[in-house]
Peer 1: 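Following this message is one structure expressed as structure tokens.
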Amino acid sequence: LLAEARSRLQQSSELLDELLAAIKEKLASLPKGALSHQDPEINTTRQQLATTQAEARFLAANLIFETADTYAEGSAEYRDNLETAAAAFATLHKDYEEKLVGFYGRLYEGRCRQSLAQWKEALKCYADLVDQPISNAEFRRLVARAYRRRAECFIATGKIEEAIEECDDWLQQSRASERSEPEWLAVAYRLGDALKQHSLQETGSEATRLESESRQLMREVARTPGEF
């Protein structure tokens with residue numbers, strides 16, 4: 001099954017390579033010079049092609065990321081694919097650093113580093129996202145994803161209190177309408193997980209309080225169908 005999945009991912013990757021080559025050729029064929037930039041039709045075509053190109057590059061990198069999971073965790077093939085994907089996402093972030101697709105490149109570079117247990121590097125990627133202004137709704141979803149991944153890194157490295165503090169702060173400043181969204185539920189789940197683990201480090205009434213808060217969060221998350 002894994003070999004079949006790998007084969008399908010490779011086929012998809014080849015199709016994306018063909019698409020990217022066609023876009024590159026089309027962009028190169030568009031008229032150049034000052035007058036071309038004043039033509040609305042040419043500008044619209046150029047912008048549409050550039051947007052499709054950026055999205056295709058993200059998908060191509062993501063296919064490499066997904067291919068890693070078709071190999072045994074920790075194997076040379078697993079690590080090689082993650083390193084290749086991380087480099088592709090990093091380039092995407094550099095090329096589109098002011099656009100949403102570029103920020104998603106940074107998020108997924110972090111996910112690659114996280115899968116490689118390169119915790120410091122992963123946290124740095126996520127930190128670049130949570131430090132950004134968060135007025136745009138789509139960008140807030142991206143930031144929520146980053147907080148979820150940061151919590152996973154903290155929990156994996158035993159920094160339970162950091163995970164609790166960050167998740168709780170993010171949820172406290174979130175809008176009521178957001179709390180039922182998948183990205184926010186994921187943060188709540190990780191907070192519940194961190195509280196549970198913290199309760200195991202405590203005794204008496206404090207342990208009871210932490211475990212109770214954890215169960216309450218888990219129940220809230222479980223009410224909504226989804227990943228958790």
Side-chain angles (χ1 to χ4, degrees), residues 47-48 50-52 54-59 61-63 65-66 69 89 92-93 96-115 119 122-157 159-199 206 208-228:
Q47 290 171 4
Q48 290 174 340
T51 297
T52 303
E55 292 171 349
R57 286 178 60 185
F58 177 86
L59 290 174
N62 195 48
L63 285 174
F65 178 49
E66 292 181 355
D69 284 333
F89 285 127
L92 192 72
H93 176 243
Y96 302 95
E97 60 181 356
E98 298 300 326
K99 297 184 180 296
L100 189 62
V101 68
F103 287 115
Y104 267 98
R106 191 61 165 159
L107 176 72
Y108 275 75
E109 180 189 356
R111 291 191 62 186
C112 292
R113 298 302 175 194
Q114 183 177 344
S115 295
W119 311 114
L123 284 168
K124 186 177 186 305
C125 290
Y126 302 143
D128 288 344
L129 301 174
V130 300
D131 289 341
Q132 296 292 323
I134 48 174
S135 56
N136 177 274
E138 185 58 36
F139 200 89
R140 286 181 66 81
R141 279 190 282 274
L142 170 65
V143 172
R145 291 184 175 109
Y147 272 113
R148 175 253 181 100
R149 299 299 176 181
R150 279 178 66 81
E152 291 172 352
C153 292
F154 285 138
I155 292 170
T157 54
K159 297 178 179 179
I160 306 302
E161 292 185 5
E162 284 91 334
I164 292 172
E165 181 179 0
E166 281 205 0
C167 289
D168 187 56
D169 285 349
W170 172 249
L171 292 173
Q172 289 294 333
Q173 64 177 285
S174 297
R175 301 158 187 163
S177 60
E178 294 173 330
R179 293 293 295 269
S180 60
E181 294 293 321
E183 295 83 3
W184 278 262
L185 289 171
V187 176
Y189 184 89
R190 293 306 178 205
L191 175 56
D193 185 18
L195 287 167
K196 174 63 176 177
Q197 293 197 38
H198 192 27
S199 74
E206 180 63 9
T208 301
R209 181 186 68 80
L210 291 166
E211 186 173 0
S212 176
E213 290 182 8
S214 174
R215 285 200 304 268
Q216 181 178 346
L217 279 167
M218 295 303 192
R219 283 195 296 267
E220 291 175 1
V221 172
R223 292 192 189 105
T224 303
E227 180 180 357
F228 301 106

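Counting from 1, the numbers follow the sequence of the chain as shown. Everything numeric in this text was worked out from a predicted model, so none of it was measured.
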Peer 1: Could you check if a side-chain atom of E220 sits within less than 4.5 angstrom of a side-chain atom of Q216, using non-hydrogen atoms only?
Peer 2: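 A side-chain contact exists here, since the closest heavy-atom pair is under 4.5 Å.
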
Peer 1: Apply side-chain contact (heavy atoms from CB on, under 4.5 Å) to residues V143 and W170 and explain how you reach the verdict.
Peer 2: CA-CA 9 Å; V143 172; W170 172 249; 3.8 Å; yes

Peer 1: Do the numbers put R106 on top of the ring of F103, so that NZ or CZ is under 6.0 Å from the six-membered ring centre and no more than 45° off the axis?
Peer 2: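 No, R106 does not sit over the ring of F103.
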
Peer 1: Could you pull out the closest heavy-atom pair between T224 and S180, with the gap in Å?
Peer 2: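 In terms of heavy atoms, the two residues are closest at CG2-O, 4.4 Å.
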
Peer 1: Measure the CD-OG distance between E213 and S199 for me, rounded to the nearest 0.5 Å.
Peer 2: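 One gets 10.5 Å once the value is rounded to the nearest 0.5 Å.
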
Peer 1: Enter the distance from L129:CG to H93:NE2 here, rounded to the nearest 0.5 Å.
Peer 2: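 NE2 of H93 is found 7.0 Å from CG of L129.
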
Peer 1: For the pair S214 (side chain) and L210 (backbone), establish whether a donor and an acceptor sit closer than 3.5 Å, ignoring hydrogens and angles.
Peer 2: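 A pair under 3.5 Å: no.
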
Peer 1: Look at atom CD of Q132 and say whether more than 12 heavy atoms of other residues, nucleotides or ligands are closer to it than 6.0 Å.
Peer 2: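 Atom CD in Q132 is packed in, count exceeds 12.
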
Peer 1: With a 3.5 Å cut-off and sequence neighbours excluded, list the donor-acceptor pairs that the side chains of residues 183-198 form with protein atoms.
Peer 2:
residue: E183; atom: OE2; partner: R145; partner atom: NH2; Å: 2.9
residue: W184; atom: NE1; partner: S174; partner atom: OG; Å: 2.8
residue: R190; atom: NE; partner: E152; partner atom: OE2; Å: 3.0
residue: R190; atom: NH2; partner: E152; partner atom: OE2; Å: 2.9
residue: D193; atom: OD1; partner: Q197; partner atom: NE2; Å: 3.4
residue: K196; atom: NZ; partner: E211; partner atom: OE2; Å: 3.3
residue: H198; atom: ND1; partner: Q201; partner atom: OE1; Å: 3.3

Peer 1: Quick one: does any side-chain atom of T157 pair with a main-chain N or O of F154 as donor and acceptor, under 3.5 Å?
Peer 2: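 Judged by distance alone, yes, a pair lies under 3.5 Å.
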
Peer 1: Is the closest side-chain heavy-atom distance between Y147 and D169 below 4.5 Å?
Peer 2: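 No - every pair of side-chain heavy atoms lies 4.5 Å or more apart.
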
Peer 1: For the residue pair L123 and C153, what are the closest heavy atoms and their distance?
Peer 2: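 Looking at all heavy atoms of both residues, the shortest contact is CD2-CB, 3.8 Å.
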
Peer 1: Got a second to check how far N62's CG is from F89's CZ, nearest 0.5 Å?
Peer 2: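 CZ of F89 is found 4.5 Å from CG of N62.
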
Peer 1: Can you tell me how far the CD atom of E66 sits from the CG atom of L59, to the nearest 0.5 Å?
Peer 2: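 Reported to 0.5 Å precision, the distance equals 9.0 Å.
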
Peer 1: What distance do R111 atom CZ and Y126 atom OH have between them, rounded to the nearest 0.5 Å?
Peer 2: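 So the CZ of R111 and the OH of Y126 are separated by 7.0 Å.
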
Peer 1: With ring-ring contact (aromatic ring centres under 6.0 Å, His included) as the test, pick out the partner of F58 among F65, Y108, Y96.
Peer 2: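 Per the ring-ring contact (aromatic ring centres under 6.0 Å, His included) rule, the option paired with F58 is Y108, out of F65, Y108, Y96.
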
Peer 1: Less than 4.5 Å apart, side chain to side chain, heavy atoms only: is that true for E162 and E165?
Peer 2: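 When only atoms from C-beta onward are counted, E165 and E162 do not touch, as no gap falls below 4.5 Å.
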
Peer 1: With rounding to the nearest 0.5 angstrom, report the CZ to CZ distance, F228 to R148.
Peer 2: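 If I round to the nearest 0.5 Å, the distance is 4.0 Å.
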
Peer 1: Between R140 and E181, is the closest basic N to carboxylate O distance under 4.0 Å?
Peer 2: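 Salt bridge between E181 and R140, a charged N being under 4.0 Å from a carboxylate O: no.
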
